[in-house]
K.L.:
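Here you go, one structure.
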Protein chains: 2
Amino acid sequence: MVTLSDVAKQANVSKMTVSRVINHPEQVTTELRELVVAAMQELNYQPNAAAKALANNRSNVVKFLILEDIDTTEPYYMNLLFGIARGLDKRQYALQLITDRQKLTAGNADGYLITGARTSDFPWLDQLEKPLVLFGENRYGYDFIDTDNKLGTQMATKYALAKNYQSIIFIGIDVKEPFEYSREAGYINTLQQHAKLPRIYRLANHSRLSQQYIEEHWREFAPNTCFICASDRLAVGVVRGILHEGGAIPRDFGVIGHDGVFLDQVSNPQLTTVQQQVPELGEHLARMLLSKIAQSGAQQGELLLAPKLVTRGTTRE
Amino acid sequence: MVTLSDVAKQANVSKMTVSRVINHPEQVTTELRELVVAAMQELNYQPNAAAKALANNRSNVVKFLILEDIDTTEPYYMNLLFGIARGLDKRQYALQLITDRQKLTAGNADGYLITGARTSDFPWLDQLEKPLVLFGENRYGYDFIDTDNKLGTQMATKYALAKNYQSIIFIGIDVKEPFEYSREAGYINTLQQHAKLPRIYRLANHSRLSQQYIEEHWREFAPNTCFICASDRLAVGVVRGILHEGGAIPRDFGVIGHDGVFLDQVSNPQLTTVQQQVPELGEHLARMLLSKIAQSGAQQGELLLAPKLVTRGTTRE
DNA sequence: TTGTAAGCGTTATCAA
DNA sequence: TTGATAACGCTTACAA
């Protein structure tokens with residue numbers, strides 16, 4: 001294994017000069033810096049993360065806690081995880097996946113990424129001693145990153161209006177969480193701007209339930225209606241319900257989902273959906289946490305990433 | 001931060017005794033050991049992974065390389081990842097996710113977990129200097145863990161026969177990989193034992209293709225046929241094709257998938273499928289790699305985990 | 001600007 | 001069986 005000392009010898013300088021070239025290059029003269037850089041390349045020097053971590057009183061590990069039930073976690077998290085991994089990689093950070101909150105404080109970590117946190121979790125979040133970034137909106141001042149949920153449903157609703165669907169109905173998820181409020185708000189705002197009355201139904205997030213709902217209330221839905229759904233799961237059920245009742249998609253009925261991960265593509269027809277930029281969200285999560293760690297816990301604020309409206313088979317051309 | 005020294009003081013012993021209690025407890029007398037354990041608990045001692053790693057010339061990091069295209073990786077890997085995480089956690093190991101093989105040897109790691117490796121990858125795998133375990137069958141002597149693919153299709157085929165489907169057709173994935181050969185072998189064996197002739201069709205792994213295939217060859221399939229599919233994707237397409245042609249599932253046509261992750265449940269009707277024990281596979285992967293690391297790279301052999309046949313709506317009661 | 005020395009928390013080695 | 005010492009590779013603090 002090539003160490004700092006090896007590089008130092010090769011470049012005829014002290015270990016410290018090599019260390020400075022890596023961490024504070026501006027403190028080193030250009031000639032020495034170039035000598036050292038050349039030596040590092042020649043020897044293919046790979047810094048030892050453990051030694052660095054020990055000297056810095058760090059662990060170079062970040063924990064990712066998923067509070068939602070795994071069985072229900074759709075493919076979504078896979079993409080998020082890859083984004084996080086990409087963000088951590090650049091700084092040689094590794095990841096620990098946690099599903100049991102008890103294990104969060106066991107072992108070492110420099111900070112925490114937490115998803116699925118609800119209001120009831122905030123008390124124990126406050127007890128944590130390491131920097132923390134949430135994935136998902138909250139209104140209590142925790143740093144977070146999320147999709148711009150409001151913008152997403154605004155885009156979807158505007159699109160449905162532009163495609164001349166007369167009646168626009170929102171199928172929401174029956175939870176009292178900020179992401180759902182934001183999605184509903186985007187829908188309501190846009191309708192109001194067009195002097196239309198909102199119609200919102202809320203269901204647990206299962207395709208079976210939304211399918212059943214559509215079938216049972218079929219007579220209430222006139223042709224020329226578009227359903228804006230708070231998830232692709234709900235959207236898939238709505239599509240099935242409409243097809244089961246003999247409705248024509250996309251001619252008489254439009255359906256727009258939300259999330260845009262996997263399910264939208266395997267469904268038939270493929271869903272028009274508000275696609276979250278999941279890997280990018282993950283990468284920003286990692287970046288925000290690392291910079292919070294570097295700034296010894298300083299507040300980072302919030303970051304909303306714009307989603308993309310992907311138009312496919314469940315809305316008019 | 002509580003260190004070994006703190007515990008040592010508290011217990012009135014030397015650091016080394018504390019270290020031994022942790023790593024070689026059999027070398028310490030019972031009384032001292034109890035004293036030390038008590039002190040560790042009282043102070044809530046958490047070993048410093050970085051220091052341990054440095055002293056052991058380890059990194060306490062394992063890299064997980066995914067060679068397949070992420071976009072096509074279904075939810076499957078999420079579960080695998082959680083299994084791996086669980087296996088690593090117990091020994092305070094952290095994970096780095098890699099999708100770019102170039103990055104595998106950048107930075108530090110004590111070993112590699114690799115999935116999606118094909119024969120063409122073996123040359124560069126041989127160049128790797130750290131212990132390595134593959135996820136997925138291979139016949140070149142690399143240590144690996146996989147589902148017992150042959151057993152899975154045997155179970156599926158026997159079940160179809162037991163349910164009195166007369167004709168049993170295999171819809172395979174059109175790749176030349178051991179897992180596919182094993183799945184086909186399980187099907188062929190079982191049919192031969194029942195003096196029936198195998199019928200195998202191979203397609204790329206997309207539901208659209210299998211649906212299309214069924215529709216285009218519909219007249220070739222007599223009622224009382226069961227399709228054994230090499231993936232849930234293919235199975236979902238087969239179901240759609242049958243329904244589209246007006247076939248009755250499960251009365252006249254049975255469909256059995258393979259994998260049992262997510263897709264089987266969101267499909268309608270829910271699939272009968274050969275369900276892989278994915279989190280367990282992940283946990284065993286981690287365990288095998290850690291023990292290989294501990295044994296400085298000793299051969300670990302192969303491990304096949306039995307899948308479960310989950311019977312649902314696409315086969316007869 | 002560069003180098004020296006000490007220390008981060010742990011473990012292996014060797015001596016008692 | 002237990003303890004003192006040195007070492008792992010790096011960085012901070014201080015000296016030159």
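In what follows, chains carry the letters A, B, and so on, assigned in the order in which the sequence lines appear, proteins first and then strands, with residues in each chain numbered from 1. Values below: every heavy atom of this structure, side chains too, minus hydrogens, waters and symmetry copies.
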K.L.:
Please list, chain by chain and in numerical order, all residues satisfying side chain to side chain contact (heavy atoms under 4.5 Å, CB included) with A:Thr105, sequence neighbours excluded.
P.N.:
A:Tyr112, A:Leu128
K.L.:
Between B:Lys15 (NZ) and C:dT11 (C1'), how many Å, whole number?
P.N.:
9 Å
K.L.:
For A:Ser19 and D:dC10, is the shortest distance between a side-chain N/O and OP1 or OP2 below 4.0 Å?
P.N.:
no
K.L.:
Hey, are B:Arg33 and B:Glu31 close enough for a salt bridge, meaning a charged N less than 4.0 Å from a carboxylate O?
P.N.:
no
K.L.:
Measure the distance from CE on B:Met40 to P on C:dT10 and round it to the nearest whole Å.
P.N.:
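From B:Met40 CE to C:dT10 P: 11 Å.
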K.L.:
Report the distance from atom CD of B:Gln27 to atom P of D:dG3, rounded to the nearest whole Å.
P.N.:
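In whole Å, D:dG3 P and B:Gln27 CD are 13 Å from each other.
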K.L.:
Return the value, rounded to whole Å, for the distance between atom CG of A:Leu4 and atom P of C:dT4.
P.N.:
15 Å
K.L.:
Can you tell me how far P of D:dT1 sits from CD of B:Glu31, to the nearest Å?
P.N.:
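Whole-Å distance recorded here is 12 Å.
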K.L.:
Answer yes if the side chains of B:Thr147 and B:Gln277 hold a donor-acceptor pair under 3.5 Å, and no otherwise.
P.N.:
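Absent: no donor and acceptor within the cut-off.
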K.L.:
So, for B:Arg91 and B:Ser291, which heavy atoms are closest and what is the spacing to 0.1 Å?
P.N.:
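Closest approach of B:Arg91 to B:Ser291, heavy atoms only: NH2-N, 4.3 Å.
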K.L.:
Rounded to whole Å, please give me the gap between CD in B:Glu26 and C1' in D:dT2.
P.N.:
14 Å
K.L.:
Just how far, in rounded Å, is C1' of C:dT2 from CG of A:Asn12?
P.N.:
14 Å
K.L.:
Is any side-chain heavy atom of A:Leu281 closer than 4.5 Å to one of A:Tyr76?
P.N.:
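Heavy-atom side-chain distance check passes, below 4.5 Å.
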K.L.:
Are A:Thr3 and A:Tyr45 close enough, and set up right, to give a side chain to side chain donor-acceptor pair (under 3.5 Å), and what steps lead you there?
P.N.:
CA-CA 7 Å; A:Thr3 71; A:Tyr45 170 66; over 6 Å; no
K.L.:
Any side-chain N or O of A:Ser14 less than 4.0 Å from the OP1 or OP2 oxygen of C:dT4?
P.N.:
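No.
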K.L.:
Do the side-chain N or O atoms of B:Thr17 get closer than 4.0 angstrom to the phosphate oxygens (OP1, OP2) of D:dG3?
P.N.:
yes
K.L.:
Would you say the side chains of B:Asp126 and B:Tyr140 form a donor-acceptor pair under 3.5 Å?
P.N.:
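Note: B:Asp126 and B:Tyr140 side chains miss the donor-acceptor criterion.
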K.L.:
Would you call B:Asp110-B:Lys130 a salt bridge at under 4.0 Å N-O?
P.N.:
no
K.L.:
Contacts to DNA chain C from residues 45-63 of chain A, heavy-atom cutoff under 4.0 Å, which residues?
P.N.:
A:Leu54, A:Ala55
K.L.:
Between the protein and nucleotides 13-16 of chain C, which nitrogen or oxygen pairs are less than 3.5 angstrom apart?
P.N.:
none

K.L.:
Are A:Arg287 and A:Glu283 within salt-bridge range, i.e. N to O under 4.0 Å?
P.N.:
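Between A:Glu283 and A:Arg287 there is a salt bridge, with a charged N closer than 4.0 Å to a carboxylate O.
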K.L.:
For the pair made of CG in A:Asn108 and P in C:dC8, what is the distance, rounded to whole Å?
P.N.:
16 Å
K.L.:
Please determine if a side-chain N or O atom of B:Thr29 lies less than 4.0 Å away from the OP1 or OP2 oxygen of D:dT2.
P.N.:
yes
